[in-house]
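Report on the structure given below.
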Protein chains: 2
Amino acid sequence: MTLAEENYLKAIYHLENQSSNEVSTNALAEEMQTKASSVTDMIKKLAEKNMVSYIPYQGVTLSKKGHAHAVKVVRKHRLWEVFLLEKLNFSWDEVHDVAEQLEHIKSEKLTDKLDEFLDFPKVDPHGDPIPDKYGNFETIDKTSLTDAQEGLVYVCVGVHDSSSDFLKYLDANHIGLGTTMKIIHKEPFDNSVKIKFDDVELVVSENVAKNLFLKTV
Amino acid sequence: MTLAEENYLKAIYHLENQSSNEVSTNALAEEMQTKASSVTDMIKKLAEKNMVSYIPYQGVTLSKKGHAHAVKVVRKHRLWEVFLLEKLNFSWDEVHDVAEQLEHIKSEKLTDKLDEFLDFPKVDPHGDPIPDKYGNFETIDKTSLTDAQEGLVYVCVGVHDSSSDFLKYLDANHIGLGTTMKIIHKEPFDNSVKIKFDDVELVVSENVAKNLFLKTV
DNA sequence: TTAAATATTTAGACAAAACTAAATAATCTT
DNA sequence: AAGATTATTTAGTTTTGTCTAAATATTTAA
Ligand SMILES: [Mn+2]
Ligand SMILES: [Mn+2]
Ligand SMILES: [Mn+2]
Ligand SMILES: [Mn+2]
């Protein structure tokens, strides 16, 4: 599997998780920041290698083999993110880009030793689950802040968008994994949400609310 | 700089260190395990980018820029080797191949944080010096075992060949960095050398002797 | 249920990095 | 100094992954 192929597998994996339908050529082009024609080319190649099943005009789905490979890449990505944060003192908004490179290093021994060195972490710095060496992981149950209920108390367990911009916004507002917050008010007009934590109130936009994952406490 | 370009720079760097003349196309082809014509193509590209200076039929030399870049790649390679050995418990014959991949990860912050995490090591697992973030390193003065003098006592400070086969041979014979040995006899017939360490005598071939670096103690 | 809009695929090109085979330059031999 | 040998470069392909433009299929809407 080349770097390009692995990136496609990972993108298909993420899109399948988001909607459970077949992944369309255009959705994949959008995710990969490339052109639809390039996607068609690559899909054919992946189908040739039995990593995906593909019917022209009907989108693509990962095969068992492709799924397993995608999970391995995701595992590496998230382990490296933990390494960068815990061992090298990167902040959670800096880890993703470097992990994008490190996830393609080919050495099962390296991956498994790294896992052990990090004490077999279960989640990455953004709250996403880390598959073990067999590809198994616990699904973390979480609700988006947009779906949270007024008056209840939640703890932040993850983020949907792990872009540097969003994470820096959260840092600036002192929100992070583990932050406990009460839902004060959900404004129907613009879907903004007023939350309270550490004795301060904060109104966040719908866009922010959509990207924050919570768990009832 | 692409991965391929970086590998060429590194190869030129190593060859320059070995002979101080310009690097010939064939020597580079041999080092890179590729064809001379491919080398010519790449050399032109590197010259275009001002990483080397190149006169057709006269070989190639690194420019200041090319040299600096090569040193950065070497720094990363050796830091990762230390990481794999010290933190992930790889053995010294396993680190090189993985470091060949890791050396191309692009993040100055990663490199410098890794350096700090490892406590600014001065040498890698094979006794080679590790450049600091400014590209400076101490040259370790060392003699090959073939040039050692009968009757004197030396300590092993490095290996020339860091192939897995050679390192495993050394492991099997309990020779490693820091091993102190006395030169018992140099056999002129086949240039083999009898050494003594840990109260045992061992005869090593010329091929082995050439690849062991020593320092007088 | 046709027409328009949208999505997808095909065709043809290109850049990177490799290769083989052929041409040419440099060096060694006598 | 000419001829032979060796080293290097050039020319022409190949593979991978991308692109634009054109063709075709699908979906939406009148
Ligand atoms: Mn990430
Ligand atoms: Mn993450
Ligand atoms: Mn090495
Ligand atoms: Mn080394």
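In this text, all values refer to a predicted model and were calculated from it rather than measured experimentally.
Taking the side chain of Tyr57(B) as heavy atoms from C-beta on, and the options dT9(C), dA25(C), dC19(D), the nearest nucleotide is dA25(C). Side-chain proximity of Asn26(B) to dA18(C), dT8(D), dT10(C): nearest is dT8(D).
Taking atom CD of residue Gln58(B) and atom C1' of nucleotide dT27(C), one finds them 13 Å apart after rounding to whole Å. Note: NZ (Lys44(A)) to C1' (dT15(D)) measures 16 Å, nearest angstrom. The interatomic distance linking Met32(A) (CE) with dT18(D) (P) rounds to 6 Å, in whole Å. Spacing between atom CG of Asp41(B) and atom P of dT20(C) amounts to 13 Å, rounded to whole angstrom units. One atom, OH of Tyr54(A), and another, P of dT8(C), lie 10 Å apart when rounded to the nearest Å. Spacing between atom CD1 of Ile55(A) and atom P of dA25(D) amounts to 16 Å, rounded to whole angstrom units. Whole-Å rounding puts the Glu5(B) CD to dA18(C) C1' distance at 14 Å. Per the geometry, CG belonging to Leu46(A) stands 11 Å off P belonging to dT18(D), to the nearest Å.
Under 4.0 angstrom from either OP1 or OP2 of dC19(D) there lies at least one side-chain N or O belonging to Thr34(A). Listed pair Thr40(A) / dT8(C) fails the phosphate criterion, with no side-chain N or O lying under 4.0 Å from OP1 or OP2. Contact check, Lys35(A) against dT18(D): no side-chain N or O comes under 4.0 Å of OP1 or OP2.
Side-chain atoms of Asn207(B) and Ser205(B) include no donor-acceptor pair closer than 3.5 Å.
Counting non-hydrogen atoms under 4.0 angstrom, Thr25(A) reaches the backbone sugars and phosphates but no base.
Separation of the His126(A) and His160(A) ring centroids does not fall under the 6.0 Å cut-off. Ring to ring, Tyr8(A) and Tyr13(A) are not that close: their centroids are 6.0 angstrom or more apart.
The pair Lys194(B)-Glu187(B) does not meet the salt-bridge criterion, since no charged nitrogen lies less than 4.0 angstrom from a carboxylate oxygen.
Sequence order on DNA chain D of the closest nucleotides to Thr2(A) and Val39(B) puts Val39(B) first from the 5' end.
The cationic group of Lys87(B) lies under 6.0 Å from the six-membered ring centre of Phe117(B) and within 45° of the ring axis, placing it in a cation-pi geometry.
Residue Ser37(B) places a side-chain atom within donor-acceptor reach of the base of dT20(C), judged by atom type and a 3.5 Å distance cut-off alone.
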